Amino acid sequence: MQRLAEACERIAGTTKKLEKTAIVAEYLKSRTPGEAAVSAVFLSGRAFPLWEETTLQVGGALLWRIVAEVSGKSEAELTATYRRHGDLGAVAGEVVPTTGRGLNVVEVQERFRQMAGARGPAAKGVIVRELLSLSAPLEAKYLVKIMTGDLRIGLKESLVEEATAKAYGATLSEVQRANMLLGDIGETLKLALAGKLSEVKMRLFHPLGFMLASPAESAEEALSYFEEAAVEDKYDGIRAQAHCAGGDVRIFSRTRDDITESFPELPGVLAGLPEDVILDGEIVAWSYLAAESNEPGRALPFSALQQRLGRKKVSDEMMRKVPVAYLAFDLLYARGELLLDRPWRERAQILDQLLSASKVPVMKRSPSAQGRLTFEDGEQVTNAKVIRAPVFRASSALELDALFEAAQARGNEGLMIKDIASAYAPGRRGKSWLKLKRELATLDVVVTAVEYGHGKRIGVLSDYTFGVRDGEQLVNIGKAYSGLTDAEIAEMTKWFLEHTVEDQGFRLVVEPKIVLEVAFNNMMRSERHNSGFALRFPRIVRIRHDKLAEEADTIERVREIYEAQKN
Ligand code: AMP
């Protein structure tokens with residue numbers, strides 16, 4: 001672990017990517033295969049390989065407490081050190097005693113496994129304490145960083161892939177492909193070492209990375225990136241990759257969690273597909289319209305789906321109350337072949353064929369009624385669980401605007417605009433998929449507490465918790481990080497430091513005087529904040545120097561927005 005930590009220090013010490021990969025490659029080669037494989041995972045900022053979906057579940061507060069215990073430092077000393085670094089790992093590196101015997105990376109991963117398996121903070125804490133007592137200071141620094149899931153040495157997994165290729169004389173594309181398919185950079189490394197990268201086969205039931213979209217500000221911008229655009233509604237649900245093979249079905253979320261159990265109505269339908277496939281799509285709460293109407297129904301906002309989440313068992317009543325549908329919009333594997341490299345146009349075509357062969361209802365726009373959707377075969381489908389997401393075409397901003405209006409009229413968030421010539425790029429946020437959406441509303445909120453930022457925001461107060469007025473008091477509704485310029489953050493930091501009411505170490509409670517305008521995508525009911533609501537993806541639009549806290553928005557306004565969104 002000492003050698004790994006030293007390599008990390010050197011990696012952090014240079015901004016040049018080539019140098020970083022050279023350091024990683026040289027380090028990996030100097031280790032045994034087992035150590036190198038574990039190190040590759042750690043260097044990717046993870047405790048475990050991606051596909052395992054195992055997390056340590058040790059929070060910052062627990063780590064903070066144990067660093068304090070092991071070092072014997074007072075809260076004030078620790079807070080002062082934290083202020084200087086803004087990173088708990090760096091704090092550990094400074095305060096952990098030099099008496100530890102040192103650790104081997106393989107041993108560290110074993111202890112991480114015990115930690116992941118241990119239930120509750122007390123049991124996990126015992127293992128963290130043991131690890132930190134055994135480690136030398138520099139080791140502790142990187143142990144804590146790995147445990148918090150953020151190395152902050154400017155090393156992305158893609159650079160570890162490059163280093164692996166370099167270390168073992170493989171091509172980068174071979175390494176990338178194997179890592180994408182396996183979701184395990186350590187395993188990939190072992191195969192590279194054995195010269196067996198080309199033998200990697202698609203592993204069904206191991207989630208692949210999801211292709212992501214970049215935001216577009218306007219219809220014009222959205223159409224400026226590529227020749228021909230396919231357009232779909234942007235549904236507000238949960239992204240879901242469905243693996244279906246031999247009658248078995250597993251559904252994975254964007255965090256690669258297996259969420260099959262949460263949607264018991266879907267596997268049965270998906271298992272009926274005529275061949276082994278991996279589908280990409282969105283699970284949404286779905287409102288089925290009356291049988292006599294030929295309309296297919298529509299997706300409901302995320303807040304409706306939310307009632308079904310986070311439950312171990314889904315009751316029949318819940319399934320009746322909040323029905324869901326899987327809107328399939330892409331196909332990653334079919335006909336025994338991985339389709340990622342095929343253009344969207346071909347994947348979509350195969351998806352259409354596959355779904356129509358298996359009688360999955362396909363929606364289309366009726367030529368007569370602008371924007372209205374019907375099922376293609378004219379059948380009345382009142383209970384479709386898997387639906388092909390309808391695809392439209394647009395070649396001008398005007399057409400795109402019309403589709404946008406129609407999508408919003410159907411209650412969807414906006415549009416997804418996809419380059420029909422593009423390959424499926426797992427885990428990448430590129431310009432081949434664009435999202436066009438309009439913000440729901442903005443709220444004027446009051447900052448109630450602030451925290452120091454991370455990375456380049458180490459020494460400044462950049463994370464703001466904010467609330468709205470509820471009678472005489474303020475109730476919190478969200479937390480936002482971004483949106484302000486560095487100069488504004490510096491100005492705010494100075495103000496907050498001068499107006500701190502209570503210093504809680506990590507967090508400062510401040511005088512509730514600063515009003516911010518925040519935009520957000522959605523509003524949810526939530527226990528996280530004492531208002532009972534939470535904002536989804538809040539962003540600071542501007543500081544409202546012109547407003548007093550007494551003029552900020554109220555909880556009544558929040559309820560209004562919530563109700564309007566529900567309808
Ligand atoms: P965002 O979460 O705002 O970055 O938007 C990307 C997300 O939109 C994806 O991860 C999907 O969950 C969701 N989405 C909704 N409809 C579609 C669609 N038709 N195609 C792709 N993604 C979609």
Side-chain angles (χ1 to χ4, degrees), residues 207-217 222 225-226 229-242 251-257 259 262-263 266 278-286 296 298-306 309 324-332 340 343-345 347-348 351-352 355 362-365 373 386-394 400 403-404 406-408 410-420 422-440 480 482 519-524 535-539:
L208 300 170
F210 289 81
M211 179 153 175
L212 303 171
S214 300
E217 294 302 325
Y225 296 102
F226 35 81
V231 184
E232 294 159 3
D233 283 18
K234 184 173 192 302
Y235 306 95
D236 192 13
I238 298 179
R239 183 75 174 274
Q241 196 179 93
I251 303 172
F252 299 99
S253 70
R254 196 158 130 183
T255 44
R256 306 194 185 200
D257 291 312
I259 51 170
S262 304
F263 304 103
L266 297 178
I278 300 177
L279 298 171
D280 190 5
E282 186 94 351
I283 295 174
V284 293
W286 190 258
R298 59 175 51 172
L300 295 172
F302 186 76
S303 47
L305 184 66
Q306 206 201 1
L309 305 179
V324 298
Y326 183 68
L327 286 156
F329 54 67
D330 214 320
L331 183 63
L332 313 187
L340 306 182
W344 177 91
R345 165 187 350 101
R347 300 196 310 275
L351 178 64
D352 285 339
L355 294 183
V362 175
M363 285 198 267
K364 64 160 196 202
R365 262 194 331 158
L373 289 170
V386 177
I387 299 171
R388 167 64 161 117
V391 181
F392 314 113
R393 287 300 171 93
L400 206 55
L403 288 174
F404 187 91
Q408 289 217 318
R410 283 189 282 274
N412 294 327
E413 263 192 300
L415 297 176
M416 296 291 298
I417 299 138
K418 302 179 179 178
D419 180 358
I420 70 161
S422 65
Y424 190 97
R428 305 273 146 82
R429 195 183 289 285
K431 296 266 191 245
S432 300
W433 285 15
L434 300 166
K435 54 188 177 191
L436 190 61
K437 53 190 182 187
R438 229 162 264 165
E439 273 136 15
L440 182 65
S482 63
F520 49 95
N521 291 8
N522 210 327
M523 193 182 280
M524 303 179 290
L535 304 182
R536 214 165 170 229
F537 304 126
R539 307 171 282 284

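Model, not experiment: these values are computed from the prediction. Note that ligands are numbered from 1 as they come in the structure, with each ligand's atoms numbered from 1 the same way.
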Given that the side chain starts at C-beta and the backbone is N, CA, C, O, which of these parts of Glu413 lies under 4.0 Å from ligand 1, counting heavy atoms, or is it both or neither?
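Looking at Glu413 and ligand 1, no heavy atom falls under 4.0 Å.
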Short version for Lys234: what comes under 4.0 Å of ligand 1, heavy atoms counted, is both
Could you tell me the residue and atom name of the protein heavy atom closest to [atom], and the distance to it rounded to 0.1 Å?
atom                    : answer
atom 1 (P) of ligand 1  : Lys435 NZ, 3.1 Å
atom 12 (O) of ligand 1 : Glu282 OE1, 2.4 Å
atom 3 (O) of ligand 1  : Lys437 NZ, 2.7 Å
atom 2 (O) of ligand 1  : Arg254 NH1, 3.4 Å

Notebook entry, point to check: Does NZ or CZ of Arg536 lie under 6.0 Å from the centre of the six-membered ring of Phe302, at an angle within 45° of the ring axis?
Noted result: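 Yes; both conditions hold, so Arg536 lies above the ring face of Phe302.
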Mark the output for Lys418 as yes if a heavy-atom distance to ligand 1 is under 4.0 Å, and as no if none is.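 Within the 4.0 Å threshold, so yes.
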Q. If you measure from each heavy atom of Asp233 to ligand 1, is any distance below 4.0 Å?
A. yes
Sub-3.5 Å donor-acceptor pair from the side chain of [X] to the main-chain atoms of [Y], do we have one?
X      : Y      : answer
Tyr326 : Ala240 : yes
Glu282 : Gly237 : yes
Gln241 : Phe210 : no

Notebook entry, point to check: Do Trp344 and Asp330 have side chains that get closer than 4.5 Å, going by heavy atoms?
Noted result: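 Yes, side chains in contact.
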Q) Do Ile417 and Phe404 touch side chain to side chain, with heavy atoms closer than 4.5 Å? A) no
Heavy-atom proximity to atom 23 (C) of ligand 1 ranks first, among Trp433, Tyr235, Phe329, for Phe329
